[in-house]
Every structure is written in C-alpha cells, then in structure tokens.
Amino acid sequence: MSFSGKYQLETQENFEPFMKAIGLPDDLIQKGKDIKSVSEIEETGDSFKVTVTTGTNVLVNTFTIGQEAELETITGEKIKAVVHREGNKLKVSLKGIESVTELVDGNTIVNTMTLGNIVYKRTSKRM
C-alpha cells in the first residue's frame, strides 16, 4: 500500500500532556489543540516528502528509508535520524520519542508518538 495522499486529522489522544512533555509553550498548546492538521505524503519508491500544515504552521520533512536525514520536530528542532519501514509502518526515533506511522487501511493513517509513559495518538483520514 502507498502512503501517498492528503490526510486530515480526525482524532487525537493525549495532545496536551505530550506537548507539555516536549516543552511546547502553553499558548501554542492551547492554539493547536483544536486545529485539524492536514498531512500530505508523497511516496516515490523509498523516498518520502511529508508536509504537515497546522493552521499557519507548515512542517516539511523529506527522507529516504534506511538513510540518515535531518528531520524537523514539532518544536522546530532539527535532528538527524533514520526512518525505517516495516510493511505498512514507518518508524523513527527522535530524541527519546518513538514515532510510528501506520497505514491502517487505504484511507486511515495512525501516528503514535511515545515519550516515556505518554502516548500521543493521532488518527487521520484520507481527504
């Protein structure tokens, strides 16, 4: 299955505790908690471009499976990391955050980010 497409956030769990744990300021947490972000994924072979638009904030990351890439985090920090693919899952570790993005079916993506005992889960549907 291809990840390519546009997806809109439908539900999220533990947004506020996770954002506090990674150090996002309270005003940004309050602004961002009700915004339905849109993720656009372009997959070409093992190369990916992921654009996440949350209100006026746009985060773009490009990477190739199995190769080190500089990825920008939610806080704006740039971290070198390697994204791995396991079937319909993309996995990466960013400064103690384990991120798994799973293409559950042709129309649903679930992204889970785990930091310690906090699990932030985002479910998005194809637009």
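Numbering of residues begins at 1 and proceeds along the displayed sequence.
Closest of all the heavy-atom pairs between Y7 and S2 is OH-O, 4.3 Å. The two residues V100 and K89 have their closest heavy-atom pair at CG1-CD, 4.0 Å. Shortest non-hydrogen contact noted between M127 and V38 is SD-CG1, 3.7 Å. In plain terms, the two heavy atoms of T62 and A69 that are nearest each other are O-CB, 3.9 Å.
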Please lay out, stage by stage, how E16 and Q30 fare under the test side-chain contact (heavy atoms from CB on, under 4.5 Å).
CA-CA 8 Å; E16 288 188 58; Q30 292 310 311; 3.3 Å; yes

side-chain contact (heavy atoms from CB on, under 4.5 Å) assessment of I79 paired with L71:
CA-CA 5 Å; I79 298 171; L71 302 174; 5.7 Å; no

Just do the side-chain hydrogen bond (donor to acceptor under 3.5 Å, both in side chains) check on K121 and T112 with the steps written out, would you?
CA-CA 4 Å; K121 182 178 176 184; T112 308; over 6 Å; no

Report the C-alpha distance between T11 and R122 in whole Å, list the side-chain angles of each, state the deciding distance to 0.1 Å, and finish with yes or no for side-chain hydrogen bond (donor to acceptor under 3.5 Å, both in side chains).
CA-CA 6 Å; T11 62; R122 300 165 41 89; over 6 Å; no

Go through the steps for T123 and L9 under the test side-chain contact (heavy atoms from CB on, under 4.5 Å), then give the verdict.
CA-CA 6 Å; T123 302; L9 179 68; 5.9 Å; no

If you apply the rule salt bridge (charged side-chain N to carboxylate O under 4.0 Å, His left out), what do you find for K95 with E77, and how did you get there?
CA-CA 10 Å; K95 281 189 78 177; E77 189 175 358; 3.1 Å; yes

Salt bridge (charged side-chain N to carboxylate O under 4.0 Å, His left out) between K20 and D26, worked out
CA-CA 7 Å; K20 280 186 196 296; D26 282 342; 3.0 Å; yes

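R85 and E43 are joined by a salt bridge, as a carboxylate oxygen and a charged side-chain nitrogen come within less than 4.0 angstrom of each other.
Taking a 4.5 Å side-chain heavy-atom cut-off between Ile, Leu, Val, Met, Phe, Trp and Tyr, the cluster of I35 contains only that residue. In this structure, M19 belongs to a hydrophobic cluster whose other members, linked by side-chain heavy atoms under 4.5 Å apart, are F15, F18, I22, L24, L28, I29, I74, I97, M113, L115, I118, Y120.
The distance from the CZ atom of F3 to the CD atom of E40 is 15.5 Å, given to the nearest 0.5 Å. Here CG of L59 is found 9.0 Å from OG1 of T53. Values are rounded to the nearest 0.5 Å. Rounding to the nearest 0.5 angstrom, the gap separating the NZ atom in K36 from the CD atom in Q12 is 6.5 Å. Residue S124 holds its OG atom at 11.5 Å from CG of L103, rounded to the nearest 0.5 Å.
If you check the side chains of S93 and E98, you find a donor sitting under 3.5 Å from an acceptor. Side-chain contact, D105 with T108: a donor N or O sits under 3.5 Å from an acceptor N or O. Side chains of N111 and S99: a donor-acceptor N/O pair is present below 3.5 angstrom, by distance only.
Counting only distance, with no hydrogens or angles, the side chain of N14 and the backbone of V119 share a donor-acceptor pair below 3.5 Å. Looking only at distances, no side-chain donor or acceptor of K80 sits under 3.5 Å from a matching main-chain atom of E68. In this structure, N61 contributes its side chain and E72 its backbone to a donor-acceptor pair below 3.5 Å.
V92 has its side chain out of reach of F63: every pair of non-hydrogen atoms, C-beta onward, lies at least 4.5 Å apart. The closest side-chain heavy-atom distance from N88 to E102 is below 4.5 Å. The shortest side-chain heavy-atom distance between F48 and V83 does not fall under the 4.5 Å cut-off. Side-chain contact between V52 and V58 is absent, with no heavy-atom pair separated by less than 4.5 Å.
No chain of hydrophobic side-chain contacts below 4.5 Å, direct or via other Ile, Leu, Val, Met, Phe, Trp or Tyr residues, connects M1 to V104.
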